[in-house]
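Position 1 is the first residue of the sequence, and the numbers go up from there.
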Amino acid sequence: RRLDSRSGLPAGLLGDIQTPISPEPLESLYDVTGELGRGKFAVVKRCVEKTTGKVFAAKFLRKRRRGRDCRAEVVHEMAVLELARNNPRVVNLHAAHETDHDLVLILEYAAGGEIFDLCVSEELLPEAQITRLIRQTLEGVHHLHQTNLVHLDLKPQNILLTNLSPPGDIKIVDFGLARRLGGSGELREIIGTPEYVAPEILNYEPITTATDLWSVGVIAYMLVTGESPFAGDDKQETYLNVSQVNVDYSRESFTRVSELSVDFIRKLLVKAPEDRPNAAECLSHPWLWNQQLYLSPDPVMPRPLRERSCGTKWSAQLDDRE
Ligand code: ADP
Ligand code: MG
């Protein structure tokens with residue numbers, strides 16, 4: 001493994017944390033209940049703080065993985081969460097504990113679960129809700145990017161909701177692959193889930209903030225159509241679909257939603273990272289602000305959207321239907 005010459009840490013990893021890591025057993029402070037989710041090296045369980053009755057999510061991260069000490073990776077995940085502490089769209093880190101096997105992150109509980117479930121459910125969300133969730137995701141991503149952080153694993157499983165019904169606000173989780181940009185040298189890695197990663201990752205090309213915006217495009221596609229845009233029958237086919245940007249924008253997939261959603265997604269699912277809009281530019285796309293036009297025929301809008309100066313390069317115009 002490449003080590004950073006100054007910190008001695010694996011390249012790109014942060015080591016500074018403020019949150020104390022308590023050696024006290026979790027069970028003395030929390031009642032640990034059901035499982036909320038799991039990944040390759042982590043289990044997340046619901047827990048209740050005994051003194052306050054408050055519910056949290058405890059993420060148990062294994063320190064040893066494939067026979068290797070990975071404590072530094074877990075500390076890095078904590079450090080990123082701390083850097084994102086004032087980002088309201090990122091789950092808050094409450095405390096940390098350490099056992100022989102695990103580092104346990106006590107996280108703000110997102111009771112509504114993954115937006116993945118909204119993508120695969122029988123009934124898709126109304127477009128006004130989708131645009132609200134995408135707006136919030138972009139706000140979170142914009143905030144991260146301003147801190148020079150890239151998430152690199154944005155997908156519907158890592159965007160949670162504070163409440164399920166009615167849909168609450170989004171909380172971004174899982175900073176295991178997140179990196180800080182702008183250090184020494186450029187960042188190249190092959191990471192993430194093929195279905196959701198950008199072509200530059202598959203091609204081992206430099207990683208930038210634009211990599212996250214590709215993923216926002218994939219998430220928007222999934223919320224709108226209920227389908228994963230690049231998923232093939234196997235990993236090979238998925239890789240090929242991503243690197244060729246083989247996306248189905250047919251009428252069948254996009255029947256229930258506006259042309260503007262297609263325009264938005266098309267601008268993000270672009271092979272060259274430098275040709276993708278950044279998070280702030282995305283936030284001014286007309287799709288994200290046009291819902292009143294569809295919901296209420298009375299002219300509650302102060303002025304037509306097309307007259308709004310948003311100072312960006314969006315070329316999309318609202319079509320003239322009501
Ligand atoms: P991994 O790195 O293993 O993917 P995640 O941090 O993504 O771990 O957590 C795995 C799953 O656990 C998430 O997809 C989600 O379903 C659930 N989860 C994680 N954090 C929370 C939380 N703060 N509140 C509620 N559920 C959570
Ligand atoms: Mg995850």
So, do [X] and [Y] sit near enough that their side-chain heavy atoms are less than 4.5 Å apart?
X: Val55; Y: Thr33; value: no
X: Val197; Y: Val218; value: no
X: Leu138; Y: Val216; value: yes
X: Thr238; Y: Lys235; value: no
X: Phe116; Y: Asn158; value: no
X: Leu269; Y: Tyr249; value: yes
X: Phe264; Y: Leu288; value: yes
X: Leu149; Y: Val80; value: yes

Under 4.0 Å between a side-chain nitrogen and a carboxylate oxygen: does that hold for [X] and [Y]?
X: Glu73; Y: Arg68; value: yes
X: Glu205; Y: Arg188; value: no
X: Arg276; Y: Glu281; value: no

[X] and [Y]: side-chain donor and acceptor closer than 3.5 Å?
X: Thr19; Y: Glu82; value: yes
X: Glu195; Y: Ser228; value: yes
X: Trp287; Y: Glu259; value: no
X: Ser258; Y: Glu127; value: yes
X: Thr193; Y: Lys155; value: yes
X: Asp212; Y: His145; value: yes

Distance in Å, [X] [atom1] paired with [Y] [atom2], rounded so as to fall on 0.5 Å steps:
X: His97; Y: Ser28; atom1: NE2; atom2: OG; answer: 7.0 Å
X: Thr99; Y: Arg62; atom1: OG1; atom2: CZ; answer: 12.0 Å
X: Phe230; Y: Met222; atom1: CZ; atom2: CE; answer: 11.5 Å
X: Ile265; Y: Ile134; atom1: CD1; atom2: CD1; answer: 8.0 Å
X: Lys267; Y: Cys282; atom1: NZ; atom2: SG; answer: 10.0 Å
X: Ile207; Y: Ile201; atom1: CD1; atom2: CD1; answer: 4.0 Å

Looking only at heavy atoms, which two atoms of [X] and [Y] are closest? And how far apart?
X: Val247; Y: Pro229; answer: CG1-CB, 4.3 Å
X: Ala84; Y: Leu144; answer: CB-CD2, 4.0 Å
X: Glu200; Y: Thr211; answer: OE2-OG1, 2.9 Å
X: Pro273; Y: Thr208; answer: CB-OG1, 4.3 Å
X: Leu160; Y: Ala110; answer: CB-CB, 3.6 Å
X: Ser215; Y: Tyr196; answer: OG-O, 3.4 Å

**Report entry** Pi-cation contact, Trp289 with Arg135 (under 6.0 Å, within 45°)
**Finding:** yes

**Report entry** Residue pair Ile159, Ile172: steps toward the side-chain contact (heavy atoms from CB on, under 4.5 Å) verdict
**Finding:** CA-CA 5 Å; Ile159 312 278; Ile172 302 174; 4.1 Å; yes

Any side-chain to backbone donor/acceptor pair from [X] onto [Y]? Under 3.5 Å, distance only.
X: Glu98; Y: Pro23; answer: no
X: Arg64; Y: Cys70; answer: no
X: Asn92; Y: His94; answer: no
X: Asn163; Y: Pro166; answer: yes
X: Asp102; Y: Val104; answer: no

Report task. Kindly determine whether Asp263 and His285 satisfy side-chain hydrogen bond (donor to acceptor under 3.5 Å, both in side chains), including the steps that lead there. Result -> CA-CA 9 Å; Asp263 184 82; His285 189 281; 2.7 Å; yes

[X] and [Y]: same hydrophobic cluster, using ILVMFWY side-chain contacts below 4.5 Å?
X: Leu103; Y: Phe41; answer: no
X: Leu213; Y: Leu181; answer: yes
X: Leu268; Y: Val224; answer: yes
X: Leu105; Y: Phe56; answer: no
X: Tyr109; Y: Leu81; answer: no

Query raised in the report: Who passes salt bridge (Lys or Arg N to Asp or Glu O under 4.0 Å) against Asp169, sequence neighbours left out?
Result: Arg132

**Report entry** Arg266: salt bridge (Lys or Arg N to Asp or Glu O under 4.0 Å) partners, not counting sequence neighbours
**Finding:** none

**Report entry** Derivation of the side-chain contact (heavy atoms from CB on, under 4.5 Å) call for Tyr30 and Ile106
**Finding:** CA-CA 10 Å; Tyr30 301 89; Ile106 308 295; 3.7 Å; yes

If you count heavy atoms of other groups shown closer than 6.0 angstrom to [atom1] of [X], is the number above 12?
X: Glu35; atom1: CD; answer: yes
X: Lys54; atom1: NZ; answer: no
X: Asn86; atom1: CG; answer: yes

**Report entry** Candidate pair Lys50 and Leu29, rule side-chain contact (heavy atoms from CB on, under 4.5 Å), full reasoning
**Finding:** CA-CA 6 Å; Lys50 288 180 181 176; Leu29 296 175; 6.0 Å; no

Query raised in the report: What's the verdict on salt bridge (Lys or Arg N to Asp or Glu O under 4.0 Å) for Asp100 and Lys63, showing C-alpha distance, side-chain angles and the deciding distance?
Result: CA-CA 8 Å; Asp100 285 347; Lys63 287 187 282 184; over 6 Å; no

Report task. Examine Phe254 together with Tyr221 and report whether their ring centres are nearer than 6.0 Å. Result -> yes

Requested in this report: Go through Arg179 and Leu152 one step at a time and tell me if the side-chain contact (heavy atoms from CB on, under 4.5 Å) criterion holds.
Outcome: CA-CA 8 Å; Arg179 292 292 181 266; Leu152 301 182; 4.0 Å; yes

